[in-house]
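Here the structure is laid out as structure tokens; the discussion comes afterwards.
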Amino acid sequence: MSGGEPVAAGTPIRVVIADDEPMVRAGIRAVLTIDPGIEVVAETGDGREAVELVRRHRPDVVVLDIRMPGTDGITAAAEIRRTGAATGIVMLTTFGEDDYILRALGGGAHGFLIKSGEPEELIAGVRAVAEGAAYLSPKVAARVVAHLASAGAGGPADRRLAAREQVAALTTRERDVLVLIAAGLSNGQIARRIGVVEGTVKAHVSSILARLGVANRAAAAVLAHEAGLTTGGACAGGPRD
């Protein structure tokens, strides 16, 4: 899946907010503007208008409530992806929306945050997506893995085994990169961590997605959790390269 280039150093991260609850929107704006490197350029309570605002403002990140009346966040995210806008998509969820999260995961969202999470998570998630990675809050990652386990044939043990078998198809270097993807690192950060050029990391990411048979980094990060390659913390998703 395509996406934009990471935001240049020193350039404000431009954000659009979409949530149908005015008080929630105000809270999101208040949290984000704590960070002097983030600029909220527009907000709306409607998913369809969010798509138009993305077209108009071309923000670096759009924060979408996953459930809104009329055009919900999942539909809006899909429409934003179809416009070809180089905008990272962060979905806001509540507990009990696991099926929605899985739909959004398959629809190209780059990040997932729980509304009841810490304010620092919102800033971290927006920054991660803007830097070319993406972000699953630890609570979202845990719920997705648990939901997949409960829905999968044979139960959690079989899913873990299947995930480990998929990961076993990767080279040692690819497994190292997958762990760093699941830790929330962008391609540039991974390149610096393992001492290679960014183009090499991009090639590794493309190979990882192909070998694992997943469409995006969010799905790869979930698979890393299922395989036991991670020990908690935020994880990246949704490739923007």
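Note that these values count all heavy atoms, side chains included, but never hydrogens, waters or copies made by symmetry.
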*Can you run down the salt bridge (Lys or Arg N to Asp or Glu O under 4.0 Å) pairs that involve residues 112-122, sequence neighbours left out, and say none if there aren't any?*
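Listed by first then second residue: Asp19-Lys115, Asp65-Lys115.
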
Nearest heavy-atom neighbours spanning [X] and [Y]:
{"X": "Ala109", "Y": "Met91", "value": "CB-CG, 3.5 Å"}
{"X": "Thr71", "Y": "Ala76", "value": "CG2-N, 4.0 Å"}
{"X": "Leu185", "Y": "Gln189", "value": "CA-OE1, 3.3 Å"}
{"X": "Pro69", "Y": "Asp46", "value": "O-OD1, 4.3 Å"}

[X] side chain to [Y] backbone, donor-acceptor under 3.5 Å:
{"X": "Thr87", "Y": "Asp60", "result": "no"}
{"X": "Arg14", "Y": "Val61", "result": "no"}
{"X": "Thr200", "Y": "Val196", "result": "no"}

Please table the atom pairs, donor to acceptor, closer than 3.5 Å between any side-chain atom in residues 48-57 and protein atoms at least two apart or in another chain.
unit_1 : atom_1 : unit_2 : atom_2 : d
Glu49  : OE1    : Thr44  : OG1    : 2.8
Glu52  : OE2    : Arg55  : NH1    : 2.5

*Decide yes or no for Leu212 and Leu170: does some side-chain heavy atom of the first lie under 4.5 Å from some side-chain heavy atom of the second?*
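Yes - at least one pair of side-chain heavy atoms lies under 4.5 Å apart.
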
*Can you find a heavy atom in the side chain of Glu21 that is under 4.5 Å from one in the side chain of Arg25?*
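They are not in side-chain contact.
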
*asked:* Applying the side chain to side chain contact (heavy atoms under 4.5 Å, CB included) criterion to Val62, which one of Val126, Val15, Val16, Val90 satisfies it?
replied: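 The single option meeting the side chain to side chain contact (heavy atoms under 4.5 Å, CB included) with Val62 is Val16.
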
Calculate, to the nearest 0.5 Å, the distance between atoms [atom1] and [atom2] belonging to [X] and [Y] respectively.
{"X": "Leu113", "Y": "Ile66", "atom1": "CG", "atom2": "CD1", "result": "11.0 Å"}
{"X": "Ile123", "Y": "Leu32", "atom1": "CD1", "atom2": "CG", "result": "6.5 Å"}
{"X": "Ser206", "Y": "Glu174", "atom1": "OG", "atom2": "CD", "result": "10.5 Å"}
{"X": "Ile80", "Y": "Ile89", "atom1": "CD1", "atom2": "CD1", "result": "5.0 Å"}

*asked:* I'd like to know if Arg127 pairs up with Asp35 as an ion pair, taking the criterion as any Lys NZ or Arg NE/NH1/NH2 lying under 4.0 Å from an Asp or Glu carboxylate oxygen.
replied: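 Salt bridge flag = yes for Asp35 with Arg127.
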
